[in-house]
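We count ligands from 1, going down the list as the structure has it; atoms in each ligand are counted the same way.
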Amino acid sequence: MELFIITFFAILAFIPYVSAHGFVSKVLIDGKEYDGNTPQSSAISSPIRMISTIDPVKGADNPSITCGQDAQAAKLTVPANSGSNLQITWESGSGDVDWDHNVGPIMNYMASCGGNDCSTFNGSSAEFFKIEQSGQNADGTWAQAALHVGLPFNLTLPDNLSPGGYLLRHEIIALQGAVSVGGAEFYPSCIQLLIGGSGNGVPSPTVSFPGAYSDTDPGILDPDVYNPGSSYTFPGGPLSNLASPGANSSDSSSPAGSGASGSAPAGASATPVSTTAAGAPSASATKTCRLNQKRMAKRHAREWRIGGSH
Ligand SMILES: *[C@@H]1O[C@H](CO)[C@@H](O)[C@H](O)[C@H]1NC(C)=O
Ligand SMILES: *[C@@H]1O[C@H](CO)[C@@H](O)[C@H](O)[C@H]1NC(C)=O
Ligand SMILES: *[C@@H]1O[C@H](CO)[C@@H](O)[C@H](O)[C@H]1NC(C)=O
């Protein structure tokens, strides 16, 4: 059974299937809602940078890995604060509203725009610091599986951010093809925030995009992605000193099912997790996970057959 699934996905990874993907369709910041830019439409007043297509960025060195496919600076840089609560909603852009994938991590980075206005800032020179990362829950499901059933991603901004304009680089990596080099799908999205207050944090360490990832990094090339109980290593280095409150309770290389990588930092992660005494996913949870994987496999197979235009 397990072998069947692994083999099945190994085969799928080599099929040039067309799957549905997505974009950030709205963000709620401390209760205020902003619509996102729909790809290939005219730009609206939004803090969310417009991407040219809902297709994934492929290749860690792709210039589009900064903020998404051919991302254009957004018109607005909108108010937020240290400790603000954000809800980020993804849409598949292919008829059904939910995010379409359910395997792989969600990570969040920030970078100063070097002033107050991010609307002319080129993110390729930005120094990003990692503020949050969400991997697997104790039952083996991934944080992005919650988006797959239509829930927004919840993020709390770090404490003590220095005031000014920032790019929030919110990213999903879909790993259904990650058993082969170049198979990972990157979905970065940048939101332009004007942080107020009087914090004075200096972020460290910082990374750049492109630069932070390589196609052979563990967690991007992941032969064990369908091997329940295997560990997951987040790419992009450690959380910075300015991490979201509670984000440090994630561990960048804990075994799937230990609960640590998916433990829900306050307001920063997906569903609450429960961990079995041994830290291993229960048999029934593992089964559910496998069923989900089978469902996704069927869905992908179907999408491939119909060769959807999305
Ligand atoms: C951002 O800078 C990079 C590197 O200099 C350049 O290739 C790219 O075209 C710039 N993007 C924009 C939108 O100006
Ligand atoms: C999180 O961990 C980093 C790196 O170990 C540390 O520098 C930072 O102070 C921690 N942040 C919080 C909020 O605990
Ligand atoms: C995010 O928070 C909202 C409001 O509390 C909640 O309805 C939703 O389920 C949360 N999302 C996730 C992924 O847990």
Side-chain angles (χ1 to χ4, degrees), residues 22 24-33 37 39 43 48-53 57 59 61-75 77 83-92 97-108 111-115 117-128 132-139 141-157 167 169-172 187-190 192 207-212 244-247 249-250 259 261-274 292:
V24 174
S25 62
K26 71 184 169 200
V27 61
L28 196 66
I29 303 174
D30 293 331
K32 185 160 171 51
E33 185 173 301
N37 279 297
I48 305 171
R49 292 195 163 187
M50 193 198 297
I51 54 174
S52 61
T53 156
V57 175
D61 295 334
N62 190 325
S64 285
I65 201 143
T66 314
C67 284
Q69 294 279 18
D70 304 314
Q72 302 300 312
K75 291 185 176 177
T77 304
S84 283
N85 292 306
L86 275 66
Q87 288 188 12
I88 301 168
T89 300
W90 284 82
E91 220 176 88
S92 73
V97 292
D98 300 346
W99 171 246
D100 260 302
H101 302 289
N102 64 359
V103 176
I106 298 175
M107 291 183 284
N108 291 277
S112 167
C113 295
D117 183 6
C118 295
S119 68
T120 55
F121 182 66
N122 184 337
S124 72
S125 60
E127 296 176 357
F128 287 98
E132 197 277 337
Q133 53 193 4
S134 295
Q136 285 165 296
N137 300 308
D139 65 0
T141 59
W142 292 82
Q144 68 175 273
L147 281 48
H148 185 58
V149 298
L151 298 177
F153 183 79
N154 294 311
L155 177 70
T156 304
L157 295 186
L167 288 183
R169 182 181 179 279
H170 168 74
E171 174 181 45
I172 300 176
Y187 297 90
S189 175
C190 288
Q192 299 172 180
V207 294
S208 52
F209 288 96
S244 293
S249 62
S250 327
S261 66
S263 61
S269 189
T271 40
V273 293
S274 58
N292 280 340

For Gln87, take its heavy atoms, then give the atoms of ligand 3 lying under 4.0 Å from any of them.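 Listed by number with element: 2 (O), 3 (C), 4 (C).
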Ligand-residue contact atoms, ligand 3 with Ala146, heavy atoms, under 4.0 Å: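 Here the atoms of ligand 3 in question are 13 (C).
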Which residue holds the protein heavy atom closest to atom 1 (C) of ligand 1, what is that atom called, and what is the gap in Å?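 Sorting protein heavy atoms by distance from atom 1 (C) of ligand 1 puts Asn122 ND2, 1.5 Å first.
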Give the residue, atom name and distance (to 0.1 Å) of the protein heavy atom nearest atom 4 (C) of ligand 1.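 Answer for atom 4 (C) of ligand 1: Ser124 OG, 3.7 Å.
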Would the distance check show the side chain of [X] and the main-chain N or O of [Y] forming a donor-acceptor pair, the cut-off being under 3.5 Å?
| X | Y | value |
| --- | --- | --- |
| Ser244 | Thr156 | yes |
| Glu33 | Leu28 | no |
| Asn137 | Asp139 | no |

Looking at side-chain heavy atoms only, is the closest gap between His148 and Val103 below 4.5 Å?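 The answer is no; the side chains never approach within 4.5 Å.
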Tell me the closest heavy-atom pair linking Thr66 and Pro188, and the distance in Å.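 Smallest interatomic distance, heavy atoms only, reads O-CB, 4.1 Å.
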Tell me whether atom 7 (O) of ligand 1 lies less than 4.0 Å from at least one protein heavy-atom position.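 No, there is no protein heavy atom closer to it than 4.0 Å.
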Is atom 12 (C) of ligand 1 less than 4.0 angstrom from at least one protein heavy atom?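 So atom 12 (C) of ligand 1 has protein heavy-atom neighbours under 4.0 Å.
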Quiz question: by atom type and distance under 3.5 Å, do the side chains of His170 and Trp90 form a donor-acceptor pair?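 Note: His170 and Trp90 side chains meet the donor-acceptor criterion.
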Ignoring angles and geometry beyond distance, decide whether Pro152 reaches within less than 3.5 Å of ligand 3 through its nitrogen or oxygen atoms.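 Pro152 vs ligand 3: N/O contact under 3.5 Å present.
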